[in-house]
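Step one of this worksheet: look at the structure below.
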Protein chains: 2
Amino acid sequence: METRWLEELADILPENRLLTTLPDRFSYSFDASFGEFLPEAVVQVMSTEEVAAIIKVADQYEIPVTPRGQSTSLSGGPLPVQGGIVLDFALWSQKVEVDEENRTVTVSPGVLTADINQACEPYGLLYPPDPSSAHVSTIGGNLAENSGGPRGLKYGVTKNFVLGLEVVTPKGDVIQTGQRAGDEDLDITTLIVGSEGTLGVITEAMLKLIPKPQTTKTMMAVFDDIVDAGAAISKTLTSGIFPSKMELMDEGSIVAVENYQPSGLPADAKAVILIELDGHADALEEEAEEVSEIVKSVGARETKIAENVREAEQIWTARKMVSPAISQIKPTKISEDATVPRSKIPEMMEKLHDIRDRYDINLVVFGHAGDGNLHPDVLADKRDSEEMQRVEKAVAEMFTAAIELGGTLSGEHGIGTMKAPFLEEELGAEGVEMMKRLKKAWDPKNMMNPGKIFAESGAKLELTDG
Amino acid sequence: METRWLEELADILPENRLLTTLPDRFSYSFDASFGEFLPEAVVQVMSTEEVAAIIKVADQYEIPVTPRGQSTSLSGGPLPVQGGIVLDFALWSQKVEVDEENRTVTVSPGVLTADINQACEPYGLLYPPDPSSAHVSTIGGNLAENSGGPRGLKYGVTKNFVLGLEVVTPKGDVIQTGQRAGDEDLDITTLIVGSEGTLGVITEAMLKLIPKPQTTKTMMAVFDDIVDAGAAISKTLTSGIFPSKMELMDEGSIVAVENYQPSGLPADAKAVILIELDGHADALEEEAEEVSEIVKSVGARETKIAENVREAEQIWTARKMVSPAISQIKPTKISEDATVPRSKIPEMMEKLHDIRDRYDINLVVFGHAGDGNLHPDVLADKRDSEEMQRVEKAVAEMFTAAIELGGTLSGEHGIGTMKAPFLEEELGAEGVEMMKRLKKAWDPKNMMNPGKIFAESGAKLELTDG
């Protein structure tokens with residue numbers, strides 16, 4: 001009987017946490033990316049034991065399982081592309097336990113990333129990864145996608161701060177990894193981080209904290225030519241100064257933000273770089289002046305050093321506004337995530353502008369330029385199939401451009417469904433084969449978030465069939 | 001015919017790089033740990049193509065393959081415990097290519113780790129991992145064992161600096177991983193780092209560099225009670241100051257160094273902590289004073305701040321002398337590597353001293369205390385079987401003590417042969433099972449450095465049968 005597995009789920013969970021009506025299922029069929037896929041059931045889990053019990057049922061009946069945080073994913077990570085069960089962590093109690101002496105924090109998967117830093121603040125500690133979505137995205141989602149953020153330039157991305165995990169395996173066993181267990185010569189902790197739920201479900205994480213830098217200094221450099229901005233990034237980062245953040249916004253992003261919520265950005269500029277320095281107050285005064293001279297020497301028309309916390313916050317708020325602001329331009333936003341070697345940023349920008357002009361698409365580019373991680377976002381209307389065909393071709397060319405410059409498809413958003421078709425182009429057949437072997441070794445029934453990372457043979461990026 | 005595979009190797013390599021005489025094989029039968037295992041052949045490889053061709057032969061005939069750098073391993077990583085082929089990288093040309101603009105360096109496996117920093121120095125760049133063996137150990141070995149070092153406290157260990165690898169798989173395919181290839185949602189790069197050659201052979205690596213900190217400040221704090229030293233570490237690390245190094249030496253290590261090469265350490269102290277701060281010069285003056293006050297407030301009898309580079313170097317040379325110095329005490333050194341949560345250091349020190357007294361063994365303790373990573377080293381004479389039996393029991397109790405305190409077996413030296421029997425105790429049966437699946441997925445014939453990481457069922461630590 002087809003719904004036998006649903007009956008078994010009903011034995012594990014109370015009725016109000018097993019959602020099977022069409023309206024409920026529809027609420028879980030999309031995320032912040034492109035595409036809709038209806039799950040057969042949604043379970044609002046509240047404990048590791050429940051997750052383990054559900055996975056055992058799923059394993060027995062071979063039902064796909066897709067974990068989901070706050071569905072802010074830009075690459076389709078939480079989309080149940082083969083239906084099955086969505087695990088929703090929203091009702092799970094919020095655990096954020098700071099261990100001041102050992103400088104760690106233990107968190108449950110549904111905690112918002114910004115709330116971790118709020119909990120660390122009284123101890124003078126910091127969890128560095130800071131995706132722009134930190135106030136609305138969960139640590140579980142950040143772990144699944146190995147999220148980055150502006151501070152990644154100096155401190156690294158999510159996986160650099162994971163000391164250990166509790167994971168429910170595809171068989172429904174609960175394992176402890178990393179420092180929660182012991183030594184790991186085979187680093188399964190880092191393997192699981194970023195694997196988008198394809199190897200198991202993360203039910204708890206122990207994260208590394210650092211002493212919060214004494215102070216920060218924010219500045220903005222304004223450019224009349226985006227190629228100069230690229231040069232300024234390179235020159236600053238080879239000067240011996242190590243900024244904590246270095247973000248690029250192009251003309252399109254600046255205009256979008258100023259139209260959405262005026263933030264004091266120079267609307268006539270071709271690009272701005274937003275820079276944060278962190279460390280000891282005396283050092284920062286000197287370093288800020290030095291950075292100002294460096295960027296001016298390669299063409300910045302002006303620099304503005306924030307005089308106080310309020311001015312600094314205004315600058316970083318403007319940066320966070322990019323994503324919501326550009327969403328207002330047109331109804332459909334295709335958010336890309338490409339990383340190129342830092343020295344190739346000017347070249348990548350030229351290629352992106354060329355693609356934009358040839359396909360006549362609405363493109364804005366921003367991102368963590370210090371890391372070479374750019375977000376080219378295309379604004380379109382998915383009801384306009386002629387436009388979407390142009391967009392589809394343009395996006396495919398963007399991926400190819402990044403790879404040709406020695407870059408990668410995903411800096412921080414994950415591969416998800418959107419970029420899976422390009423994986424083999426990047427890694428080569430043998431590389432993909434080695435990854436597939438790992439997946440198969442852990443999840444031989446391909447039950448854990450199927451359809452992610454690895455494309456079906458012959459699949460290609462399709463935006464037109466939604 | 002049994003030597004058919006040797007004939008095939010002879011077709012790949014010139015005669016002088018295929019070593020099969022007993023004296024040659026004997027030279028490759030040991031490392032800096034305990035135990036001797038004779039390989040059947042040693043190949044001095046000089047290119048990725050040669051490694052791939054050799055692995056294909058090994059795969060066909062199911063001959064074990066063990067890669068070897070400069071054999072400084074303290075945990076048996078390069079020991080060919082099942083015979084077969086040893087890959088020696090000593091003749092491979094030394095590639096150290098710094099990319100200043102992208103802040104990366106590409107290296108061949110046989111390069112000494114210290115030579116990487118020498119190459120980076122002119123660019124003002126730094127490769128942070130600094131195992132005490134950096135002047136004599138290779139980057140290939142550091143990658144295989146995920147080596148740490150004093151600077152790991154602030155900057156992390158080897159795996160935190162690996163951007164991409166070239167790897168020969170157990171089938172003899174050459175794959176590019178990480179940023180050398182593209183996005184890796186399944187992080188096979190980090191999986192391979194630290195896997196001790198059990199998943200393939202690393203033939204090239206692209207490493208991340210950081211801007212070299214403007215200046216450093218070294219200081220030494222002297223204690224009459226090792227428990228106070230533990231408290232001083234905790235208090236410093238929760239003060240908001242972030243030292244780049246924080247090393248502990250106990251009484252035994254201090255005395256051994258002073259007997260071996262007088263280095264100005266206080267011979268009557270129960271412990272010293274060696275601290276390095278890095279960053280901007282002005283900030284460091286202030287921070288050094290602050291650290292001095294902190295450690296005195298919890299019982300340091302004095303602190304000594306290095307006045308110049310020479311004084312600082314003297315302090316760090318003393319630290320590097322520990323390992324050679326204690327080797328002079330008795331002929332056999334059993335080097336352990338245990339990590340406990342930092343707050344448990346005082347408790348771990350008490351347990352170690354208790355074990356030392358109960359088994360009447362010669363024990364010194366030193367290590368990267370800021371990370372909770374301690375090296376309890378036992379000095380003994382392997383010809384004295386009664387003593388070795390006591391040592392064997394003592395070492396087993398040390399492992400158990402680390403695990404009981406929530407710690408791990410290996411901070412940085414790898415599991416190798418010596419600690420394999422304890423892996424299941426740490427990770428649990430399901431955790432070990434998941435790791436074994438990964439190994440089997442890549443190396444179904446168990447040909448790549450067999451006998452490492454995973455113990456044979458029922459195996460236990462044996463020092464007495466050498």
Side-chain angles (χ1 to χ4, degrees), chain A residues 100-103 123-124 146 156 159-160 169 173 175-177 179 181-188 190-191 193-196 210-212 214 234 237-238 240-242 279-280 282-283 286 341-343 403 408-410 414-415 419 423 426-428 430-431 434-435 437-442 453, chain B residues 100-103 123-124 146 156 159-160 169 173 175-177 179 181-188 190-191 193-196 210-212 214 234 237-238 240-242 279-280 282-283 286 341-343 403 408-410 414-415 419 423 426-428 430-431 434-435 437-442 453:
Chain A
E100 182 187 8
E101 199 162 10
N102 291 309
R103 241 160 45 197
Y123 303 99
N146 187 29
K159 72 176 170 191
N160 302 123
T169 72
D173 289 325
I175 62 171
Q176 308 292 328
T177 81
Q179 286 187 21
D183 183 71
E184 268 186 7
D185 276 25
L186 297 194
D187 188 343
I188 57 176
T190 310
L191 183 66
V193 176
S195 70
E196 310 201 19
I210 64 166
K212 194 175 177 185
Q214 193 194 62
S234 280
L237 288 173
T238 51
I241 293 171
F242 200 171
H280 191 281
D282 298 344
E286 196 179 304
R342 192 163 46 224
S343 58
I403 294 169
T408 77
L409 294 183
S410 171
I415 291 282
K419 299 166 203 165
L423 189 66
E426 279 197 354
L427 293 175
E430 287 85 5
M434 295 316 272
M435 283 196 188
R437 286 192 194 193
L438 298 182
K439 164 72 173 171
K440 203 170 172 186
W442 276 33
I453 304 184
Chain B
E100 182 187 9
E101 199 163 9
N102 292 307
R103 243 162 44 198
Y123 304 99
N146 187 28
K159 72 176 169 191
N160 302 122
T169 71
D173 289 325
I175 61 170
Q176 308 292 328
T177 80
Q179 286 187 22
D183 183 70
E184 269 186 6
D185 277 25
L186 297 193
D187 188 344
I188 58 175
T190 310
L191 183 66
V193 176
S195 70
E196 309 201 19
I210 64 166
K212 193 175 179 187
Q214 192 192 63
S234 280
L237 288 172
T238 51
I241 292 171
F242 199 172
H280 191 280
D282 297 344
E286 195 179 306
R342 192 162 48 224
S343 58
I403 294 169
T408 77
L409 294 183
S410 171
I415 292 283
K419 298 166 203 166
L423 189 66
E426 277 197 358
L427 294 175
E430 287 85 4
M434 294 317 271
M435 283 196 189
R437 286 193 195 193
L438 298 183
K439 163 72 171 169
K440 205 171 170 183
W442 276 33
I453 304 184

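Below, each value reflects all heavy atoms present in this structure, side chains not excepted, and no hydrogens, waters or symmetry copies. The chains referred to below are lettered A, B, ... by the order of the sequence lines, with proteins before strands, and numbering in each begins at 1.
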Taking [options] one by one, which has the highest count of heavy-atom pairs under 4.5 Å against chain B?
options                      : answer
A:Lys439, A:Gln214, A:Glu286 : A:Glu286
A:Asp173, A:Asp282, A:Leu191 : A:Leu191
A:Gly431, A:Gly156, A:Pro341 : A:Pro341
A:Leu438, A:Thr238, A:Ile175 : A:Leu438

_How close do A:Gly240 and B:Pro211 get, counting heavy atoms only, and between which atoms?_
O-CB, 3.5 Å

*Is there a side-chain contact between B:Met435 and A:Ile188 (heavy atoms, below 4.5 Å)?*
yes

_Residue part contacting chain B, namely of A:Asn102, when any heavy atom lies under 4.5 Å_ = both

*Judged by modelled atom types alone, do B:Ser234 and A:Glu101 share a side-chain donor-acceptor pair under 3.5 Å?*
yes

_Keeping A:Trp442 on the side-chain end and A:Thr169 on the backbone end, is there a donor-acceptor pair under 3.5 Å?_
no

_Within this structure, what is the OG1-CG distance for the pair B:Thr177 and B:Leu186, rounded to the nearest 0.5 Å?_
12.5 Å

_Leading residue by heavy atom contact count with chain A [cutoff under 4.5 Å; candidates B:Ser343, B:Gly279, B:Ser195]_ = B:Ser343

*Between B:Glu100, B:Glu430, B:Lys212, B:Arg103, which residue shows the highest count of heavy-atom pairs closer than 4.5 Å to chain A?*
B:Arg103

